[in-house]
Amino acid sequence: MMPQLNSLLDAIPFDPADWPGSLALVGGSVRDALLNRTRVPLDLDFVCPGPVAERARLLARRLGAGFAVLDAEREIVRLVLDSGITLDFARQQGADLVSDLARRDYTVNAIAWDVRAGELSDPFDGRGDLTRRTLRAIAEANLVDDPLRLLRGYRLAAQLDFAIEPGTRAWIGLHAHRLAAVSAERVREELCALICAPTGADALLAAYRDGLLADWLPEIAPMEAIGPSGYHHLPLIEHTFEVIRQVDGAMADFAEQVRADMDRQVTGGHSVRTLVKLGALLHDIAKPPTSKLDPASGRMSFIGHESLGANMTRQILQRLKFSRDEERWVAALVQHHLRPGQLAAHWPPSNRAVYRLCRDLGQMLPALLMLALADRRSTLGPQVGKDDLVRAVELTGRLLGHYHTPGDPLAHPRILIDGNGLMAELDLKPGPRVGQLLAAIQEAQATGEVTGREEALALARTLL
Ligand SMILES: Nc1ccn([C@@H]2O[C@H](COP(=O)(O)OP(=O)(O)OP(=O)(O)O)[C@@H](O)[C@H]2O)c(=O)n1
């Protein structure tokens, strides 16, 4: 037996001999083992003839694992162990294992390994394609059967660093419009995995060029009309995908400080890193409709596109059924992405400006800084000199410093007086006035004009 498969056998958290009847591992775990790729947490897909659900339920009980039926009709169930390992069991489709494999998406995903007999079944030469680093569809009809596979192709190719075989790519182009029929949730998950892959920006651009994003992200195509500008030395569409690429570079500049922030999950299940990359994809989305030719300079101007961009971003994230929280994050990234650049342009930034940015972004600040820096790195061309980038990096470091310092007066100002205290001292009724006074006190505190409770109250009195 191949050594890679041996270690996969060791990772199976039960003895396959205890399973009544034959049992085969298929899909990503076999593919990744043969490629020597490790994945954490492990996700094992088993196929077996005969009844599945009851046997898997018993196994779940024995392992103390969570149990869920994913598809009652086709008998697909999932066990989730405390360690995070997921075991999916599915009843074999068709008369035998080969006909089950023949219904799958790509040859490299159609290799089965009988874990009891120790035999490999590879009817479509998936191993040959692994060696050639090629993603090849098993059949055109399989792509049509489940059009999500069209997008999966780009995602898998980007994750594995494989090329899509030309015939397969032609089929994908031919059937691209069918992705419109797939559920938003499934498309969303593939897009997120795709954009986060190491070569995700290029794969996403290829998917767009092959027509796969036409229905889900029709806002991208109008960007093609915008050429290089005073802001970007690249045409807008190229700039956009370059920013996605540069997000990783921006994060690498601040690896220690931002790593934990970027891997944190926002309610809805995606990491901040994913949301920053989506922010990169959408940050200039409103430019085409708002751009105007300035007759004096002969250049396009994009004044006031940020809030329109935030609104368009919200619509797009709703269309893809992201959570409310994720929608709020990405819209904020799009809306505020120019602000770090504005701070860097008026060096050194005032305490008031730093305070306001920290206040408006809160825990989204590191994410915004990564997007703004990626944007800056990707505009490095004739118009933007190295000095600008040095300044942008310095600003990012400074702001992260404020953000990561507990009790920092600009990023985490101490509350001198709260709303109730203010109302009691000044005999005020609840209302927007109280909020305005509190905001004014906080800002005065950030600029050093107010340092204690009495001064805060004195300021509030003068404002009343
Ligand atoms: N739309 C789909 C989804 C899955 N599969 C098959 O089901 C297997 C398991 O699917 P999944 O767990 O979604 O993906 P993996 O291939 O395991 O890879 P990854 O976990 O990286 O997504 C795939 O390998 C493939 O054989 C398929 O044919 N068509």
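Heads up: numbering here begins at 1 and tracks the sequence. Order of listing sets the numbers, starting from 1, for every ligand and every atom in it.
- At a heavy-atom cutoff of 4.0 Å, ligand 1 is surrounded by Gly27, Gly28, Arg31, Arg39, Asp43, Asp45, Arg104, Asp105, Asn109, Asp146, Arg149, Arg152, Arg155, Arg186.
- Checked against a 6.0 Å centroid threshold, the rings of His283 and His239 count as neighbours.
- Residues forming a side-chain contact (heavy atoms from CB on, under 4.5 Å) with Pro51 (at least two apart in sequence, or on another chain): Arg55.
- Residues Gln159 and Arg155 have side chains that bring a donor and an acceptor to within less than 3.5 angstrom of each other.
- Glu326 and His270 share a donor-acceptor pair across their side chains, judged by distance under 3.5 Å alone.
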Side chains of residues 22-35: which donor-acceptor pairs under 3.5 Å do they make with residues two or more places apart or in other chains?
residue, atom, partner, partner atom, Å
Arg31, NH1, Asn109, OD1, 2.7
Asp32, OD1, Arg37, NH1, 2.9
Asp32, OD2, Arg37, NH1, 3.3
Asp32, OD2, Arg39, NE, 3.0

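- Sorted by first and then second residue, the salt bridge (Lys or Arg N to Asp or Glu O under 4.0 Å) pairs with a member in residues 177-187 read Asp146-Arg186; sequence neighbours excluded.
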